[in-house]
Amino acid sequence: MTPRRLLPLCALVPVLAGCDNEQSTLAPKSHQAKDIASLFWWMMAVSWFGIGLVVLLILIAWRKAHRRPGHDPKEGERLAFKVVIGAGIVMPIALIAALFVVSDLFVIRITEAPAKSATRLTILVVGHQWWWEVRYPGTSVVTANEIHLPVNTPVRLEVRTADVIHSFWVPRLNRTIDAIPGRTNAIELDADATGVFRGQCEEFCGLQHAHMVFYVYAQTPTAFAQWLSNQKRPARPPATAAARQGEKDFMSSSCSNCHAIRGTPASGDVGPDLTHLRTRATIGAGTLLNSRSDLAQWIADSQHFKPGNEMPQMRLRNSELHALVTYLEGLK
């Protein structure tokens, strides 16, 4: 295929790259996201209208300037000048100003977070290199890389960072919001349908920026209440001999210095809270599925899957790894 024939395919690349319905601003699931999508389509329509109008005026000017023999070139120049001033300067300024007013007065204000007194639920999210800590103020609930909230309920979501600048974004629920050192920014999440919505850090924050994924679970109020009730409980005691041995290995190793498990002496805050690890779908902020085999591989050598993360390589015998995974599998 010649380079000339490849051009149309190259032009399609940015279009196709944005067609992931799992994380798309054009598949909104909240009234804020719908307003953002509507603004996008209005801006697209206005842009194409402007382009079409400019092309039409240029064609008219060209036709008038060349419609008869012996025409006065200055006539075409004067018409072209009017087209440039009107369609190239005045009209774009008017359209951009109108879109700015609409986006500032309506869309941006609609997407802002409600006051604490105006919402029933506040969730705190802290960005780390490279995972998300999720807390539910007023409760003991601490989880990682997953946010659960009730559907059709305005939720005030506060965002902070423990290190560098991160950017929190759930495209199907609302706009992006930065996590800046020393500040707490807030946004509203108000899903209008149950489902699982993928989110992503949108600010380059280091080597594993692309592996800083999280999921928002919009649930019915009953399902959310059940989830929250379970998350409030301390870790279940190990039920088998292998799990009890795994707990001993966990507490006697560096694991307990980096991770917290409520109801045990483990109280580390370097890595994610593991109290209810097995209720989560992924590990490593979306890097691997939370299956027994993937969990074992992650513990044995997380640097292989996510180079640069703060978890050191664990040198464990097969029996120790089996016991440790068995213990962690019981944290539900």
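All residue numbers in this chain count up from 1 along the given sequence. Just so you know, these numbers use all the heavy atoms, side chains as well, and skip hydrogens, waters and symmetry mates.
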Does atom CZ of F40 have more than 12 heavy-atom neighbours from other groups under 6.0 Å away?
yes
By side chain to side chain donor-acceptor pair (under 3.5 Å), N290 pairs with (sequence neighbours left out) R278
Give the table of side-chain donor-acceptor pairs shorter than 3.5 Å for residues 210-219, with sequence neighbours excluded, one pair per line with atom names and distance.
unit_1, atom_1, unit_2, atom_2, d
H211, ND1, Q208, OE1, 2.7
Q219, OE1, H148, ND1, 3.0

Taken in chain and number order and not counting sequence neighbours, the residues that satisfy side chain to side chain donor-acceptor pair (under 3.5 Å) with T220 are none
Practice item. For R244, look at atom CZ and say whether over 12 heavy atoms of other residues, nucleotides or ligands are found less than 6.0 Å away. Key: yes
Residues passing the salt bridge (charged side-chain N to carboxylate O under 4.0 Å, His left out) test with D192, sequence neighbours excluded, are K34
Members sharing W169's hydrophobic cluster, built from side-chain contacts under 4.5 Å between Ile, Leu, Val, Met, Phe, Trp and Tyr, are none
In short, salt bridge (Lys or Arg N to Asp or Glu O under 4.0 Å) pairs touching residues 247-276 with sequence neighbours left out are none
For N257, the side chain to side chain donor-acceptor pair (under 3.5 Å) test, sequence neighbours excluded, returns none
Here the salt bridge (Lys or Arg N to Asp or Glu O under 4.0 Å) pairs for residues 289-300, sequence neighbours left out, are R292-E329
Apart from L321 itself, its cluster of hydrophobic side chains linked below 4.5 Å comprises F250, M251, I261, L274, L277, I283, L288, L295, W298, I299, F305, M311, M314, L316, L324, V325, Y327, L328, L331
The complete set of salt bridge (Lys or Arg N to Asp or Glu O under 4.0 Å) pairs with one or both residues in residues 296-318, sequence neighbours excluded, reads R317-E320
By side chain to side chain donor-acceptor pair (under 3.5 Å), H259 pairs with (sequence neighbours left out) none
Notebook entry, point to check: Same cluster or not: are I165 and W131 linked, directly or through other Ile, Leu, Val, Met, Phe, Trp or Tyr residues, by side-chain heavy atoms under 4.5 angstrom apart?
Noted result: no
So salt bridge (Lys or Arg N to Asp or Glu O under 4.0 Å) across residues 43-54, not counting sequence neighbours, yields none
